[in-house]
Amino acid sequence: MALCGGVGAMALPSELIVHVFSFLSDRDKLRASAVCSRWRECLFYPALWTELRLRIGGCSGSGSDETPRLEFLMRKFGSFVRELRLELAPVEGNLSPVNGDPSSTRTDRPPGPDSDPQLSERWRDAMAAYLDQVLCVFTSIRNNRNLQKLSLYGDTFILQQEGLSDSTNLHQIHQGDKKINEIQQLFMEFVSNSRQLRWLSCSFMLGLVTPCSLACLSNPSAETLQHLSLLDHQLGPLISPSELDRLSNLHSLALDFSDLTSELCGLLASPQRTPLHRLSLLLNGAALEFKPLEGTATEDDWKALVRVSANLRVYIMALEVDSSELLRVLKPSLPLERLHLDSYSTLVTDAAVELISQQYNKTLTHFLLLRDGTDFPDLSVNRNEDPLVLLAWRCTQLAVLVMHGYTVWSHNLVAISRLRGSSLRVLTVSEETIDFDPDQSVYMEGDPVHNLVKEVSLGLGRVWHPCLDSNLVLSEPTQHFHRELHAFSTGM
């Protein structure tokens with residue numbers, strides 16, 4: 001419809017302009033706000049900002065440079081936003097190796113903050129930016145009673161030292177102790193002031209959640225909360241049985257595996273509670289020295305929980321966990337749907353994969369087997385008895401299979417594609433993982449890789465190729481877990 005006479009877009013009612021702007025992405029809204037004061041006034045209308053998703057720092061720039069942008073957004077929208085998803089990654093880009101050597105891998109232990117003067121200065125700058133950003137967020141939302149969904153992830157992988165990472169090093173920052181205490185107090189104020197919180201997820205936010213934080217959660221939010229995720233590199237549990245008991249309407253929960261004690265599992269199995277639908281557990285082998293598996297949920301506990309929560313499905317990521325520990329935690333009655341085994345130094349054995357395929361043949365849908373080592377061990381006793389082929393045959397619900405770091409023979413990969421067919425929605429295998437039987441060249445013509453691609457594509461019923469870049473298969477594990485548990489918990 002053409003506009004009459006000299007009437008332009010500026011003459012449209014503000015309500016109509018707001019409606020048009022509602023179709024823009026957050027980034028385009030901010031760009032459009034620089035056009036003129038009228039647009040800026042309309043673009044900062046609260047109805048356009050009920051949901052805010054941000055990633056600050058990391059590859060997109062230094063944390064300190066992006067702090068003003070975060071302050072601006074939180075000052076504008078923090079008091080009324082309904083859903084806030086924020087990933088803070090102030091150290092990823094700032095702390096690249098001083099000499100510019102890109103050879104370090106995702107699982108290399110980063111140097112400590114005092115190992116190099118130049119690195120130490122950048123480490124302190126990055127951590128200072130991290131503290132300022134967390135302060136900015138909670139200063140803005142502390143009195144927001146309408147916030148229904150809060151999801152926070154702190155990409156602090158660079159802090160990992162030998163052993164267990166925690167917030168100790170943050171105290172080296174100027175006024176670090178004061179800022180950490182203020183952050184913890186602001187978080188407790190926020191949960192105390194909240195009135196309709198439905199989703200609370202805090203993953204690896206150093207210096208934020210303490211074992212006392214949830215005690216401040218308001219009674220209204222304790223009734224409305226449906227998802228809780230508390231993951232950190234802390235020595236002790238972040239939720240007590242009495243606090244969990246208040247949250248009677250939880251549908252999904254994410255915890256450190258060692259924090260899921262027999263007592264907590266018993267509380268979740270109470271018939272007076274809303275049945276639990278999703279449970280995400282992170283098993284960190286590096287933490288088992290400090291957080292042993294003794295006292296965690298037993299087979300009887302899992303049976304009791306499943307009796308009450310018949311639709312419960314479990315997602316487990318195991319980092320640097322050897323097969324002996326893995327066999328201890330994989331109870332037969334555990335309704336495992338997704339399993340991610342990720343390591344650098346530890347090995348998964350064929351016996352562990354065999355157990356997984358036998359116990360979870362009716363529930364397992366996702367299986368990720370990743371190892372970032374230099375060698376590629378063979379899981380099969382011989383080339384014709386690959387436990388991954390047996391897993392594909394037994395697990396009738398398997399839809400996602402991702403592999404890197406273990407040898408997969410090409411003919412076994414073809415067998416997997418034929419067994420699962422089009423029901424295997426994702427088959428991601430790094431090229432360097434695949435090996436070819438030299439005897440195949442005797443009776444098969446043409447290029448082996450071309451033949452493999454053709455046979456696997458026929459088996460899956462779609463075009464398939466091996467992944468040429470292993471970095472596309474491997475990702476930072478805690479970040480992957482945070483994002484996957486979000487999709488897992490929202491997909492009920």
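This chain uses plain numbering: 1 for the first residue, then up along the sequence.
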task = Start with the C-alpha distance between Ser333 and Glu299, add both sets of side-chain angles, then the distance that settles side-chain hydrogen bond (donor to acceptor under 3.5 Å, both in side chains), and finish with yes or no.
result = CA-CA 6 Å; Ser333 296; Glu299 170 68 3; 2.5 Å; yes
message = Could you tell me if the side chain of Arg338 sits less than 4.5 Å from the side chain of Ile316, heavy atoms only?
response = no
query = Would you say the side-chain atoms of Ser229 pair up with the backbone N or O of Cys202, donor to acceptor, closer than 3.5 Å?
reply = no
note = When every non-hydrogen atom of Ser203 is compared with those of Ser201, the smallest separation belongs to OG-OG, 3.9 Å
Asn146 side chain to Arg195 side chain, donor-acceptor N/O pair below 3.5 angstrom = no
task = Taking the six-membered ring for Trp and the single ring otherwise, decide whether the centroids of His366 and His340 are under 6.0 Å apart.
result = no
request  = For Arg69 and Arg55, work out which heavy atoms get closest and say how close.
outcome  = NH2-O, 3.8 Å
request  = Identify the two heavy atoms, one from Ser475 and one from His480, that lie closest to each other, and give their separation to 0.1 Å.
outcome  = OG-CB, 3.5 Å
Side chain to side chain contact (heavy atoms under 4.5 Å, CB included) between Leu401 and Val426, intermediate numbers included = CA-CA 6 Å; Leu401 182 60; Val426 175; over 6 Å; no
inquiry  = Assess whether a salt bridge exists between Glu51 and Arg82, defined as any Lys/Arg side-chain N lying under 4.0 Å from an Asp/Glu carboxylate O.
reply    = no
query = Run the salt bridge (Lys or Arg N to Asp or Glu O under 4.0 Å) check on Arg328 and Glu294 step by step: do they pass?
reply = CA-CA 10 Å; Arg328 289 180 60 192; Glu294 283 71 25; 3.2 Å; yes
query = Are the side chain of Asn144 and the backbone of Val81 linked by a donor-acceptor contact shorter than 3.5 Å?
reply = yes
ask   = Does NZ or CZ of Arg278 come closer than 6.0 Å to the centre of the six-membered ring of Phe488, within 45° of the ring's axis?
value = yes
message = Is there a side-chain hydrogen bond (donor to acceptor under 3.5 Å, both in side chains) between Thr478 and Glu476? Walk through the geometry before answering.
response = CA-CA 6 Å; Thr478 57; Glu476 205 289 290; 2.4 Å; yes
task = For side-chain hydrogen bond (donor to acceptor under 3.5 Å, both in side chains), just list the numbers for His227 and Ser252, CA-CA rounded to whole Å, side-chain angles, deciding distance to a tenth of an Å, and then say yes or no.
result = CA-CA 5 Å; His227 170 84; Ser252 58; 2.6 Å; yes
ask   = Should Leu88 and Leu152 count as side-chain neighbours, where that means a heavy-atom distance under 4.5 Å?
value = no
message = For Thr139, give me all partners under side-chain contact (heavy atoms from CB on, under 4.5 Å), at least two apart in sequence or on another chain.
response = Leu186
query = Counting N and O atoms only, with roles assigned by atom type, does the side chain of Thr261 sit under 3.5 Å from a partner on the main chain of Leu264, one being a donor and the other an acceptor?
reply = yes
key: Residue among Leu225, Thr274, Leu279 satisfying side-chain contact (heavy atoms from CB on, under 4.5 Å) with Leu250   = Leu225
Within-4.5 Å side-chain heavy-atom neighbours: Arg307 and Trp302 = no
Audit row: Asp256, Lys291, side chain to side chain contact (heavy atoms under 4.5 Å, CB included) steps and yes/no = CA-CA 10 Å; Asp256 190 293; Lys291 303 173 73 172; 3.6 Å; yes
request  = Could you tell me whether the side chain of Ile141 reaches within less than 4.5 Å of the side chain of Leu150, counting heavy atoms only?
outcome  = yes
message = My understanding is that only one of His251, His486, Gln148 makes a side-chain contact (heavy atoms from CB on, under 4.5 Å) with Trp199; could you say which?
response = His486
inquiry  = Using the ring pair (Phe, Tyr, Trp, His ring centres under 6.0 Å) definition, which of the options Phe257, Phe367, Phe481 pairs with Tyr315?
reply    = Phe481
ask   = Going through the distances and angles, do Gln184 and Ile180 end up as a side chain to side chain contact (heavy atoms under 4.5 Å, CB included)?
value = CA-CA 6 Å; Gln184 293 171 350; Ile180 290 171; 3.6 Å; yes
inquiry  = Could you check whether any side-chain N or O of Asn193 sits under 3.5 Å from a backbone N or O of Arg142, counting only pairs where one atom can act as donor and the other as acceptor?
reply    = yes
key: Shortest non-hydrogen contact between Ile183 and Gly207, atoms and distance   = CG2-O, 3.9 Å
inquiry  = Quick one, Ser324 with Asp322, criterion side-chain hydrogen bond (donor to acceptor under 3.5 Å, both in side chains). Give me CA distance, side-chain angles, the key distance, then yes/no.
reply    = CA-CA 6 Å; Ser324 62; Asp322 60 40; 2.6 Å; yes
query = Do the ring planes of Phe190 and Phe187 sit parallel (below 30°), tilted (30 to 60°) or perpendicular (above 60°)?
reply = tilted
inquiry  = Go through it in stages, so that I can follow the logic: the residues are Tyr360 and Leu339, the test is side chain to side chain contact (heavy atoms under 4.5 Å, CB included), and I'd like the CA-CA distance, side-chain angles, deciding distance and then a yes or no.
reply    = CA-CA 10 Å; Tyr360 311 113; Leu339 180 61; over 6 Å; no
key: Value rounded to 0.5 Å, distance of OG in Ser218 from CG in Leu197   = 8.0 Å
message = Is the ring pair Tyr153/His482 parallel, tilted or perpendicular, if the boundaries are 30 and 60 degrees?
response = parallel
request  = Nearest 0.5 Å please: distance from the CD atom of Glu320 over to the CG atom of Leu283.
outcome  = 11.5 Å
request  = I would like to know whether Arg371 and Asp342 meet salt bridge (Lys or Arg N to Asp or Glu O under 4.0 Å); could you show each step before the answer?
outcome  = CA-CA 6 Å; Arg371 185 172 177 270; Asp342 204 315; over 6 Å; no
request  = List the atom of Val209, the atom of Leu238, and the distance in Å for their closest heavy-atom pair.
outcome  = O-CD2, 3.9 Å
inquiry  = Just verifying a value: how many Å separate Leu368 CG and Leu370 CG, rounded to the nearest 0.5 Å?
reply    = 5.5 Å
ask   = Between the side chain of Asp245 and the main-chain N/O of Ser242, is any donor-acceptor distance below 3.5 Å?
value = no
query = Which distance, rounded to the nearest 0.5 Å, do you find between the CG of Leu214 and the CG of Leu228?
reply = 6.0 Å
inquiry  = Determine whether a donor-acceptor pair (N or O, by modelled atom type, separation under 3.5 Å) exists between the side chain of Ser140 and the backbone of Cys136.
reply    = yes
message = Taking Leu52's backbone N and O only, do any of them form a donor-acceptor pair with Glu83's side chain (distance below 3.5 Å, no angle check)?
response = no
remark   = On a heavy-atom basis, the closest approach of Leu247 and Glu243 is CG-O, 3.5 Å
ask   = Does Thr396 reach the side chain of Leu398, with side-chain heavy atoms less than 4.5 Å apart?
value = no
ask   = Any side-chain heavy atom of Thr428 within less than 4.5 Å of one from Met403?
value = no
ask   = Counting N and O atoms only, with roles assigned by atom type, does the side chain of Ser489 sit under 3.5 Å from a partner on the main chain of Leu485, one being a donor and the other an acceptor?
value = yes
ask   = What distance separates Glu87 CD from Leu54 CG, expressed to the nearest 0.5 Å?
value = 10.0 Å
message = Do Asn361 and Leu391 have side chains that approach each other closer than 4.5 Å (heavy atoms only, starting at C-beta)?
response = no
message = Using only atom types and a distance under 3.5 Å, with no angle test, would you say the side chain of Thr296 pairs donor to acceptor with the backbone of Leu293?
response = yes
request  = Would you confirm whether Ser194, through its side chain, and Val191, through its main-chain N or O, come within 3.5 Å as a donor-acceptor pair?
outcome  = yes
request  = Walk me through it: do Lys179 and Asp132 pass the test salt bridge (Lys or Arg N to Asp or Glu O under 4.0 Å)?
outcome  = CA-CA 8 Å; Lys179 290 182 178 180; Asp132 289 340; 2.8 Å; yes
inquiry  = Would you compute the distance between atom CZ of Phe204 and atom CD of Gln479 and round it to the nearest 0.5 angstrom?
reply    = 10.5 Å
